[in-house]
Amino acid sequence: MDFRIAQNAALSGLLVTETRTAVASTNIANADVAGYTAKTTTVATTYAGGRATGVDLTGISSYVDENLVKSMIEAATDASYTEQLADYLESLTDAVGGTDSDSTLANRVTELQTALEALAVTPESESQKYLVVEAAVAVAEELNALSEKVQTLRTNADEQIAIAVDELNEALEKIDVLNQQIAGNQALGIDTLDLEDSRRVALGTVAEKLDVTYFTTSSGELHVYTASGQPLVDSRDHPLEYTAAGVVTANMSYPGDFAEITLFGNTVTTGISGGEIGALLELRDEILPAVQEELDALASTLSHELNTIHNQGTAIPGAASLTATTSVDPADTLSATGTMRIALIDSDGDVDTVVDLDLSTYATYQDLADDINAVPGISASFDAEGRLVISSDDASLGLAINEMDSAVGAESEGISSFFGLNDLFDGSSASTLRVRTDLASDSNLLAVATLSSDAGLAAGDTAVALGDGSIADSLEEVLASSVDFVGAGSLPAASTTLAEYSSDILSDIATRASVAESEAEVKQSVAEDLSAAFSNETGVNLDEETARLAELENLYAAYSHVFQIIQEMFESLLEAASA
Amino acid sequence: MTRISTYGQMSTSLASILRVQSEAYKAQMQTSTGLKSETFQGIGTDTGRLLDLENQLARSLEYVNQGEIVSSRISMMYDAAGNMVDLLSEYQSLLSSAISGNSADLNYQSQLLLDSFADLANTRLSGRYLFAGDMTDTMPVNVEDPPYAAQSYPSMANTDYYQGDNAAATFKASDSKTIDYGVTADEAGFEQAIRALSLGANASEDPVDEDALTEAYDLVNSAIDTLLVTQTKLSSASSAIDWELDVQIGMQVRLEALASDIQEVDVAEAMTRMETLQTQLEASYSAISRINEMNLLDFL
């Protein structure tokens, strides 16, 4: 009977070696597959009646350190989060301009200031007026461009959220499918290690998208939750839903203008703060809108300050017509004090007609318009949108207004400033800021001088001197002086020049980008290290497998040899028995 | 670590190589552009300072440009005033000669001098009248009658000849300094000179109107004194501007140096780093290929 035992022992050895060869060969085949853990076999002696009878394969296992996996997953979330921030902020910084370019927003604001300085020295120069208007156009265009870039990035982020949600859902579904298979196989006692490897990879994909917590149930299922506790995969997968908003503009904000990311109809948007989706949400709803706020603060302050001064001035020759930018209901009460002066001036800058109007005598806006209209040679009325339009009836005479001591409305603005009759800029946000259209195409409409405020000004007197650069001077002064800014974005309330505020905005952008880049490098490095550590602990080492194969080859040869010898012995016995 | 995985090790080595490659590329870009970084991201927190320096530099350059323009105006005004003083000295000789009996051409000569004086007061530079205040397109002095009636003894201050306004020209020479440099032709010196010349141009030649000529002579003295003071004022303004320009130019040099510190890279340093990185890269390529060559299969 010992022959049988010998044969069985050899046979068991052969079978086990076959399996072990298969495992080694599978390891080698999967050596470069991400997330594949090297499988090892455990063999043990079989016994019968106290005697060893062979060898049996007791298990195939892979060594996985679950703590390392957890760290790896968290690091993947962080790396993905910081990478998104760094990419988008880098893109935004590129739009600011190169370090050796002279055309950043800050440079353009200074160019406007220097152009005004030159105009103040030679106010009659038409080419210098042209340069000032061009410089103002350049500032507005740069603000428009930066604003557009910010909103384009928000649109991209929004679209990418939708894509990320789709990718997430695919991974969640995969985890669910694998969960079913693993739970089923475990119940049947079938090895599930390879399935678990795939599931771990899918979990990694999920972790890249958003921050998650997870655990494995006793039946072998992996349950995944968002960091705020909503289930993504439990007994089945729960896909997220999100619809992108299309083109994003500056006045769209979350919540309200963007769909929620929902799970079963419940909002999860606010519960996501890490991973790719977390980063995209932060960019779309916090970081980029903060930059937009800063740009808007600059635009509105620039517009307001320069318009107030420009409205005090007169172009030479006078304007053919002045149209208000502010709408009013003509029948509303006019609350104003002080006088205003309106004049028609000829091409030499001399007075043709001049009238002073006492603003406290008018009950409504219409009354004021009527009185202006009553001045010979001037027509004044409100258009369909309630905007005051004043025009000169004679093509050779132009309009000029001196606000004198007028104080209109709640903020006691000068009359021209209140209506916006002679603005330099239209629009007061970074995306809508423009130089007034007629001024942009005719730089001679730039108000450089002031209509004389002499008490006895009469027809024939000098209304505006050609060399009067008082407004150019004042415009330059305002750019040179500190102006109050309210807190906007991440810039605090401050009193600084417009050019310095522009540098502050660009500096804020560059610093954010630089910090994000460093953060991303650090997190990326951590993620790589953990991934490498995991791989080194659990991954396939080709030399190891090759050595094992060589060993198995020898064992197989030895078992076969034993088998062969036993077979020969049987044959000898049979021969002897039949003789 | 006591064990590595083939794939893991390959990925890690590749990742390091890519990192070194990226650093080498950055160093190469720095060497070829001379800039620390092409975008402000690479400058980070220094962005605000760099932009402020650039802005200050741009403003300073403009101050110097405009300062030169204003200096040339002042220079012309100074010369004109000097010529006026010379002209008035000539007139004084004419008056002395007339008072002592030689008054034959007095009216004619005086009128010539008056017209010349008016021309000097109507000096232009680049098409703008320099003594007309803000009315730079208007001739400041018109001694025709009208508007300026012939003067006779006893005379009173009369600026009817003046066509300009009395805006005073100022020049902003730096962020904190404004310099006055305006002179208008309705000032006392001009007024007295013109009145004196008009007296001479219209006084009786035969017999000689001694009162008129004496009054004219006194007025000329006063006018010369005042015009000399005007010249001094212009000269101070010019010096003040020159001094400011020097300050600005000095500042420009410092600003450029500060800006270039932030913006530019030391080329020698960048080249050295690039070479070091290149060597490192070559070494990693060599290492990775050696490791890949080592294979147990070769020995079995």
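Below, chain A is the first sequence line, B the second, and so on; all start at residue 1. All heavy atoms count here, side chains included; hydrogens, waters and symmetry mates do not.
Contact of A:Gln113 with chain B is made through the side chain alone, with heavy-atom distances under 4.5 Å. Interface residue A:Thr538: only backbone heavy atoms are found under 4.5 Å from chain B. Of the atoms belonging to B:Arg49, not a single heavy atom falls under 4.5 Å from chain A. If you measure heavy-atom distances from B:Asp165 to chain A, the contacts under 4.5 Å come from the side chain alone. In this structure, chain B has no heavy atom under 4.5 Å from any part of A:Asp504. Using a 4.5 Å cut-off between heavy atoms, B:Tyr63 contacts chain A through both its backbone and its side chain. Contact of A:Ala34 with chain B is made through backbone and side chain together, with heavy-atom distances under 4.5 Å. In this structure, chain A has heavy atoms under 4.5 Å from both the backbone and the side chain of B:Leu297. The contact between A:Thr462 and chain B is made entirely by side chain atoms (from C-beta outward), counting heavy-atom distances below 4.5 Å. Proximity to chain A is limited to the side chain of B:Ala15, based on heavy atoms less than 4.5 angstrom apart. When heavy atoms are compared at a cutoff of 4.5 Å, A:Ala31 approaches chain B solely by way of its backbone atoms N, CA, C and O. Proximity to chain A (any heavy atom under 4.5 Å) is shown, for B:Ser11, by neither the backbone nor the side chain.
Put simply, the side chain of A:Val540 does not reach to within 4.5 Å of the side chain of B:Ser5, judged on heavy atoms. At least one side-chain heavy atom of A:Thr104 sits under 4.5 Å from a side-chain heavy atom of B:Phe40. Looking at heavy atoms from C-beta onward, B:Met135 lies out of side-chain contact with A:Leu466 at the 4.5 angstrom threshold. Between A:Asp32 and B:Met10 there is no side-chain heavy-atom pair separated by less than 4.5 Å.
Taking chain B as the reference chain and counting heavy-atom pairs below 4.5 Å, the highest number among A:Ser514, A:Ala547, A:Ser503 is found for A:Ser503. Between chain B and the residues A:Glu545, A:Arg512, A:Glu517, the largest count of heavy-atom pairs under 4.5 Å involves A:Glu517. Contact count against chain A (heavy-atom pairs under 4.5 Å) is highest for B:Asp52 among B:Val70, B:Asp52, B:Ile262. Looking only at heavy-atom pairs under 4.5 Å with chain A, the residue among B:Leu61, B:Thr47, B:Leu51, B:Asn55 that has the most is B:Asn55. With respect to chain B, the highest number of heavy-atom pairs below 4.5 Å among A:Asp348, A:Leu542, A:Asp473 belongs to A:Leu542. Across A:Gly97, A:Ser531, A:Ala38, the residue that shares the most heavy-atom pairs under 4.5 angstrom with chain B is A:Gly97.
Here the straight-line distance linking atom CD of A:Glu111 with atom CD of B:Glu62 works out to 10.0 Å at 0.5 Å rounding. A distance of 4.5 Å separates CG in A:Asp468 from CG in B:Asp134, rounded to the nearest 0.5 Å. Put simply, OG1 on B:Thr45 and CG on A:Asp508 are 12.0 Å apart, with the number rounded to the nearest 0.5 Å. Rounding to the nearest 0.5 angstrom, the gap separating the CD1 atom in B:Ile43 from the CG atom in A:Leu506 is 12.0 Å.
Counting non-hydrogen atoms of neighbouring residues, nucleotides and ligands closer than 6.0 angstrom, the CE atom of B:Met251 exceeds 12 such neighbours. Environment of CE in B:Met271: sparse, with no more than 12 heavy atoms of neighbouring residues, nucleotides or ligands closer than 6.0 Å. The local environment of NZ in A:Lys523 is sparse, with at most 12 non-hydrogen atoms from other residues, nucleotides or ligands closer than 6.0 Å.
Although no hydrogens or angles enter the test, the distance criterion places a donor-acceptor pair under 3.5 Å between the side chain of A:Thr99 and the main chain of B:Ser37. B:Thr39 places no side-chain N or O within donor-acceptor distance of the main-chain N or O of A:Asp94, the cut-off being under 3.5 Å. Under the 3.5 Å distance criterion, the side-chain polar atoms of B:Gln41 are left unmatched by any main-chain donor or acceptor of A:Thr93.
The pair B:Arg128-A:Glu124 meets the salt-bridge criterion, since a charged nitrogen lies less than 4.0 angstrom from a carboxylate oxygen. The residues A:Glu476 and B:Lys172 are annotated as salt-bridged, a charged nitrogen and a carboxylate oxygen being separated by less than 4.0 angstrom. A salt bridge links B:Arg3 with A:Glu544: at least one charged nitrogen is closer than 4.0 Å to a carboxylate oxygen. Ion pairing between B:Arg19 and A:Glu528 holds under the 4.0 Å rule for side-chain N and carboxylate O.
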Passes side-chain contact (heavy atoms from CB on, under 4.5 Å), A:Thr122 versus B:Arg73? Steps please.
CA-CA 11 Å; A:Thr122 315; B:Arg73 286 181 198 165; 2.8 Å; yes

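Residues B:Gln263 and A:Asp100 bring no donor and acceptor atom of their side chains to less than 3.5 Å of each other.
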